[in-house]
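For reference, the structure is listed below as structure tokens.
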Amino acid sequence: MEIKGKVTVERPPEELWDLLLDPDVLRECMPGCEHVERETEYTYRVRMRVGVGFFKTRFQGRVQLRDVVREKGYTLELKAQGAAGRVEGRTTISLSRVDGTQTELEYEGRAQVSGALGSLGGQIFRNAAVGFQEEFFNKLAKL
């Protein structure tokens with residue numbers, strides 16, 4: 001499943017960059033996120049409670065940032081597991097200055113789900129994933 005989009009944020013790239021690396025901001029913006037802990041400069045442990053329709057479950061895992069270019073972007077890799085299965089995703093985030101106070105944030109990602117959560121069906125999971133991405137970036141834009 002692939003997801004992509006873009007959002008304009010009322011912050012310059014240097015400010016937005018710092019937000020995208022802050023564990024407290026990540027926890028606040030990620031729907032269902034219960035805990036984010038930085039392990040290294042670009043590695044985080046996460047714990048989330050995810051709901052898709054009537055189905056709710058917890059996942060624990062790791063987020064690793066790769067191909068990091070300060071104030072320009074990175075690739076985020078997520079690997080998480082829970083009683084309902086496994087989630088693996090990869091999202092590329094790119095920042096570009098629109099003007100002195102705005103940044104366009106463009107994202108493109110893929111996710112794979114296995115186990116009980118994956119059995120819900122492609123369209124149901126796709127809708128949930130799109131909603132998750134939109135909620136994350138909308139919350140980020142409002143900070």
Side-chain angles (χ1 to χ4, degrees), residues 1-98 102-143:
M1 168 187 47
E2 292 185 28
I3 301 169
K4 60 181 169 177
K6 62 175 108 174
V7 63
T8 300
V9 179
E10 295 291 329
R11 291 183 181 273
E14 54 275 9
E15 286 182 24
L16 184 57
W17 181 260
D18 290 338
L19 293 175
L20 287 168
L21 298 178
D22 184 319
D24 294 329
V25 170
L26 295 174
R27 186 185 70 251
E28 184 178 326
C29 291
M30 285 192 292
C33 189
E34 297 176 334
H35 180 77
V36 176
E37 179 182 341
R38 185 181 305 224
E39 288 186 329
T40 68
E41 184 177 15
Y42 298 130
T43 305
Y44 305 84
R45 282 204 168 278
V46 296
R47 185 176 64 241
M48 303 176 73
R49 185 170 191 271
V50 178
V52 178
F54 65 89
F55 194 89
K56 298 193 182 348
T57 189
R58 281 197 164 86
F59 285 93
Q60 292 188 37
R62 178 173 279 133
V63 171
Q64 174 74 49
L65 305 183
R66 302 197 183 279
D67 307 321
V68 177
V69 179
R70 184 161 179 75
E71 299 175 14
K72 297 291 183 191
Y74 55 71
T75 298
L76 180 151
E77 293 179 352
L78 166 69
K79 293 182 180 179
Q81 191 162 332
R86 184 171 178 82
V87 176
E88 291 189 20
R90 183 180 182 101
T91 301
T92 300
I93 296 173
S94 302
L95 306 178
S96 53
R97 187 180 300 274
V98 175
Q102 292 184 326
T103 302
E104 182 175 83
L105 185 152
E106 192 167 354
Y107 58 92
E108 184 172 344
R110 295 177 182 214
Q112 295 178 332
V113 182
S114 61
L117 191 59
S119 70
L120 290 176
Q123 191 59 41
I124 292 171
F125 187 75
R126 178 169 173 52
N127 291 343
V130 168
F132 181 94
Q133 294 265 353
E134 287 175 355
E135 186 175 342
F136 175 86
F137 289 113
N138 286 335
K139 284 182 176 181
L140 182 67
K142 291 178 183 175
L143 291 178

From OH (Tyr74) to CG (Leu95), nearest 0.5 Å: 8.0 Å
Parallel, tilted or perpendicular for Tyr107 and Phe137, by the 30°/60° rule? parallel
Under-4.0 Å salt bridge between Glu2 and Lys4: no
Look up atom CZ in Arg62 and atom CD in Gln81, then write down how far apart they are to the nearest 0.5 Å. 13.0 Å
Looking only at heavy atoms, which two atoms of Leu21 and Arg38 are closest? And how far apart? O-NH2, 2.5 Å
Using the side chain to side chain contact (heavy atoms under 4.5 Å, CB included) rule, take Leu143 and Cys29 through it: C-alpha gap first, then chi angles, then the decisive distance, then the call. CA-CA 9 Å; Leu143 291 178; Cys29 291; 3.9 Å; yes
Are any non-hydrogen side-chain atoms of Val68 and Trp17 less than 4.5 angstrom apart? yes
For the residue pair Leu16 and Leu140, establish whether any side-chain heavy-atom pair is separated by less than 4.5 Å. yes
Within the 3.5 Å criterion, strictly below it, is a donor on Gln60 or Arg47 matched to an acceptor on the partner's side chain? no
Flag the pair Val63 / Leu26 as yes when at least one side-chain heavy-atom distance between them is below 4.5 Å, and no otherwise. no
Quick check for you: to the nearest 0.5 Å, what is the distance between Arg110 atom CZ and Thr91 atom OG1? 11.0 Å
Please assess Phe136 against Val7 for the test side chain to side chain contact (heavy atoms under 4.5 Å, CB included), listing each intermediate value before the final yes or no. CA-CA 11 Å; Phe136 175 86; Val7 63; over 6 Å; no
For Arg90, enumerate each residue passing the side-chain contact (heavy atoms from CB on, under 4.5 Å) test, keeping only those at least two apart in sequence or located in another chain. Asp67, Thr75, Glu77
At what distance, to the nearest 0.5 angstrom, does CZ of Arg27 lie from CG of Asp22? 9.0 Å
Minimum heavy-atom distance between Lys6 and Glu106, given as atom pair plus value: CB-CA, 4.0 Å
Could you check whether Arg45 pairs with Glu39 (Lys NZ or Arg NE/NH1/NH2 to Asp/Glu carboxylate O, under 4.0 Å)? yes
Grab the two heavy atoms, one from Cys33 and one from Met48, that are nearest each other, plus how far apart they are. CA-CG, 4.1 Å
Least distance between heavy atoms, Glu10 atom then Gln102 atom: OE2-NE2, 2.5 Å
Let me see the working for Leu20 and Leu105 under side chain to side chain contact (heavy atoms under 4.5 Å, CB included), right down to the final yes or no. CA-CA 11 Å; Leu20 287 168; Leu105 185 152; 4.1 Å; yes
Can any side-chain N or O of Thr103 pair as donor or acceptor with the backbone N or O of Arg11 at less than 3.5 Å? yes
Arg70 and Asp18 ion-paired at < 4.0 Å: yes
Considering only heavy atoms from C-beta outward, does the side chain of Arg86 approach that of Lys79 to under 4.5 Å? yes
So which heavy atom on Glu14 is nearest to which on Arg97, and how close? OE1-NH2, 2.8 Å
Whether over 12 other heavy atoms sit under 6.0 Å from Lys139 NZ: yes
Verdict with supporting geometry, Val46 and Phe59, side chain to side chain contact (heavy atoms under 4.5 Å, CB included): CA-CA 8 Å; Val46 296; Phe59 285 93; over 6 Å; no
